[in-house]
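Written out below as structure tokens is the structure these notes cover.
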2 protein chains.
Amino acid sequence: MGTIRDIAKKAGVSISTVSLVLNNKGYVKPETRQKIINAIQELNYKPSRSARKLATRTNGNIGFIIWESHFYEVEMFYSQVFLGMEYAARRSDSYILLTTVKEEFDPKTDLPRFLKYNDVDGVALAGRVPHELALYLENERIPFVLVDYNIPGKKYNSVQIDNYNGANSAVQHLIESGRRRIGFVGGTFFHSSIKERYRGFKECIEHYQIMDADQIARYTFVEDTETSPAIGEKGISSLLKNDQKPDAVFCCNDTTAMGVIKELHKRQIKIPDDIAVVGFDDIPNAAYSAPRLTTVKVPKLVLGKEAFNLLNEVIENPLEPPQTRIIATTLVKRESTGVEE
Amino acid sequence: MGTIRDIAKKAGVSISTVSLVLNNKGYVKPETRQKIINAIQELNYKPSRSARKLATRTNGNIGFIIWESHFYEVEMFYSQVFLGMEYAARRSDSYILLTTVKEEFDPKTDLPRFLKYNDVDGVALAGRVPHELALYLENERIPFVLVDYNIPGKKYNSVQIDNYNGANSAVQHLIESGRRRIGFVGGTFFHSSIKERYRGFKECIEHYQIMDADQIARYTFVEDTETSPAIGEKGISSLLKNDQKPDAVFCCNDTTAMGVIKELHKRQIKIPDDIAVVGFDDIPNAAYSAPRLTTVKVPKLVLGKEAFNLLNEVIENPLEPPQTRIIATTLVKRESTGVEE
DNA sequence: GTTTTATATTAAAACGTTTCGATAATTAAT
DNA sequence: ATTAATTATCGAAACGTTTTAATATAAAAC
């Protein structure tokens with residue numbers, strides 16, 4: 001618990017040399033390096049982070065901002081993304097500061113304190129986030145990346161899930177297991193992810209030509225709100241009003257799927273016998289629902305890790321043009337489509 | 001984006017004076033204070049955190065440590081506790097550094113980096129946590145508090161839920177709604193919380209004399225592992241082997257209750273008609289399960305806030321003897337006991 | 001055996017605050 | 001009108017690093 005000066009004295013060198021070995025920079029004779037290392041260990045020396053950061057003019061912190069409701073409510077999704085970032089951060093010397101912002105966001109008053117006080121080197125915006133916030137960061141030239149979201153009309157650095165192909169593989173799975181009237185239940189297309197998932201759904205069906213445009217429309221339910229189990233309940237109820245019941249539902253995410261399952265249960269409709277259900281995300285609950293949910297697994301930790309890497313690149317030097325990195329998904333087959341692996 | 005020197009120059013005073021108004025300390029004439037404030041605003045000045053922390057010899061960070069599996073798995077519980085701390089931190093100038101530790105923990109190798117590098121002023125340990133970790137903190141004299149946990153044989157500062165009374169009220173509710181054979185399903189008593197909940201359960205039943213000791217034993221299922229839906233499934237299956245089925249189950253937490261519900265569903269046993277189910281915690285899912293779960297609501301945000309406050313007191317000056325603060329719970333009646341409010 | 005180049009070490013300045021003690025100016029007390 | 005107490009301001013040291021530029025030594029090149 002001493003200072004660099006104590007180490008220098010003990011090792012019989014200058015503090016500059018100690019600093020050099022601390023950061024392995026420059027040239028230092030192996031023997032003296034060893035002496036210094038010994039001194040460090042004997043005195044159990046830890047360099048002061050504040051002093052370091054002061055000298056290097058960096059914060060060593062990166063911000064992680066998420067919508068209040070996304071963190072607060074059912075979703076486990078972004079917590080995992082956060083954890084992925086945290087894992088990555090462990091190998092660097094930075095800390096991740098997690099905070100939330102409200103849905104109604106005014107940069108004048110609602111700015112996370114680490115932005116207000118300039119305490120981060122960069123920021124990750126997880127999921128849907130107020131556009132004003134991104135604009136603010138852009139104006140202030142604070143490096144940032146979007147994670148699992150993008151802002152229409154803007155080209156920002158971002159890490160995205162391969163929503164299109166993920167949805168595609170899910171629907172393909174349904175078709176291959178014999179389903180022919182496949183519904184879609186989703187929330188607001190404001191989330192580009194959901195929009196993409198719908199596109200994957202639609203184009204897969206078109207490709208296999210199992211339904212025509214008119215049918216697709218009748219078996220599509222979209223409510224323009226944040227996703228929730230409630231949307232699922234509503235959605236499946238709506239789809240069931242068709243003359244022919246759907247024999248499968250592709251839900252825009254697991255949360256929605258939970259609602260669908262609940263409603264089907266209530267109506268005593270058998271899953272997967274009568275209707276197969278597929279979700280997206282693979283939230284922890286997906287493995288515990290009854291029946292266990294077939295879903296498109298999103299590697300959330302990877303998402304976080306990639307976000308961290310990209311953000312650090314951006315902090316180093318702004319990427320021009322902005323990059324989008326795509327993370328692949330995998331289909332996890334469980335009871336709800338009856339083809340468990 | 002200047003320094004304190006720029007402000008001093010602009011306001012025509014010394015940096016000492018600027019520092020005084022920055023920290024409202026000492027005496028400074030109202031007019032000069034105003035001049036300084038103006039300068040600060042005009043230059044949009046933000047004091048450097050590193051410089052500050054260097055000068056004051058503090059970190060301004062507090063650590064939040066949670067078991068990997070608790071954060072990682074189904075539980076939303078501790079994320080909320082974290083959020084409660086984060087809210088509280090917003091009004092101070094500290095940041096919460098969230099990290100996880102593995103179940104098998106060796107202080108030699110697995111120490112969170114903010115401990116290894118001395119980057120926090122104190123630590124909150126959320127839920128069950130390796131005892132070695134608490135011992136390490138104690139030895140190193142790093143201020144810490146336990147949240148929703150305590151370590152047998154040790155008296156540490158902690159914030160606890162009123163598990164006993166919470167369980168008591170839940171069971172009382174069951175009794176008052178006519179139930180007479182009430183089962184208990186729980187995980188390891190290693191968690192003092194669970195132990196306390198069991199005590200609340202047991203003593204309430206004894207108080208109302210609806211079951212004798214022998215019966216209580218037959219209607220109690222405890223598995224010595226971390227709680228999970230799986231325990232619930234197993235537990236209720238076991239209780240159902242009694243000659244007389246239970247007419248209610250008190251689960252040690254909602255996660256367990258989810259498993260119970262799933263299993264009862266599978267067996268076509270009606271909730272609450274045949275068997276009422278009560279959980280503990282009020283995780284978000286509790287409101288979305290089918291049926292919606294009656295549960296003992298734990299004010300997680302409050303828990304976090306209190307932990308933050310207590311920790312800061314401890315950082316200021318070590319409390320002797322250590323304190324335990326108890327947070328009250330409330331019973332939320334929903335469909336699963338058929339007496340929804 | 002010089003000159004060049006590469007290796008090794010250091011003194012000193014800089015990073016941007018807080019705080020102590022000294023001093024000055026004002027107000028209150030005698 | 002002094003003295004004492006209070007209010008106001010400031011210079012300078014301290015906090016613990018990194019980094020630049022200078023210097024010293026050793027190795028390589030000629």
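Numbers restart at 1 for each chain; the letters A, B, ... are given by sequence-line order, proteins then strands.
At least one cation-pi condition fails for B:R49 and A:Y117: the charged atom is not both under 6.0 angstrom from the six-membered ring centre and inside a 45 degree cone around its axis.
The phosphate of C:dT7 (OP1 or OP2) has a side-chain N or O of A:Y27 nearer than 4.0 angstrom. The side chain of B:T56 contributes no N or O atom lying less than 4.0 Å from OP1 or OP2 of D:dC15. The side chain of A:T32 contributes an N or O atom lying less than 4.0 Å from OP1 or OP2 of C:dT9.
A salt bridge links A:R90 with A:E86: at least one charged nitrogen is closer than 4.0 Å to a carboxylate oxygen.
DNA chain D lies under 4.0 Å from at least one heavy atom of each of the following residues of residues 9-26 of chain A: A:I15, A:S16, A:S19, A:N23, A:K25. Shown for residues 34-49 of chain B: residues whose heavy atoms fall under 4.0 angstrom of DNA chain C, namely B:Y45, B:K46, B:P47, B:S48.
Note: B:H131 and B:Y136 fail the aromatic proximity criterion, with ring centroids not under 6.0 Å apart.
C:dT18 atom P lies 12 Å from atom CZ of B:R57, rounded to whole Å. A:E31 has its CD atom 16 Å from the P atom of C:dT7, to the nearest Å. Atom-to-atom, CG of A:N59 to P of C:dG16 comes out at 12 Å; the value is rounded to the nearest Å. Separating the CD1 atom of A:I4 from the P atom of D:dA14 is a distance of 18 Å, rounded to the nearest angstrom. To the nearest angstrom, P of C:dC15 lies 19 Å from CZ of B:R52. As rounded to whole Å, 12 Å separates atom C1' of D:dG16 from atom CD1 of A:I7. Across the protein-nucleic acid pair, A:D119 atom CG and C:dG16 atom P stand 14 Å apart, rounded to whole Å.
When only modelled atom types and interatomic distance are considered, B:K102 and B:S69 share no side-chain donor-acceptor pair under 3.5 Å. Side-chain contact check for B:T324 and B:K155: at least one donor-acceptor pair (N or O, by modelled atom type) lies under 3.5 Å.
Here the side chains of A:V159 and A:I327 are in contact, with some heavy-atom distance below 4.5 Å. You'll find the side chain of A:N157 stays beyond 4.5 Å of the side chain of A:R325, heavy atoms only. Counting only heavy atoms from C-beta outward, the side chains of A:N24 and A:R33 approach each other to under 4.5 Å.
Both B:L54 and B:K29 lie close to DNA chain D; mapped to their nearest nucleotides by heavy-atom distance, the more 5′-ward contact belongs to B:K29.
Side-chain proximity of A:P30 to D:dT9, C:dT9, C:dA8: nearest is C:dA8. Closest to the B:V28 side chain, of the nucleotides D:dT9, C:dC15, C:dT17, is D:dT9.
Relative orientation of the A:F64 and A:F82 rings is perpendicular, given thresholds of 30° and 60° on the angle between their planes.
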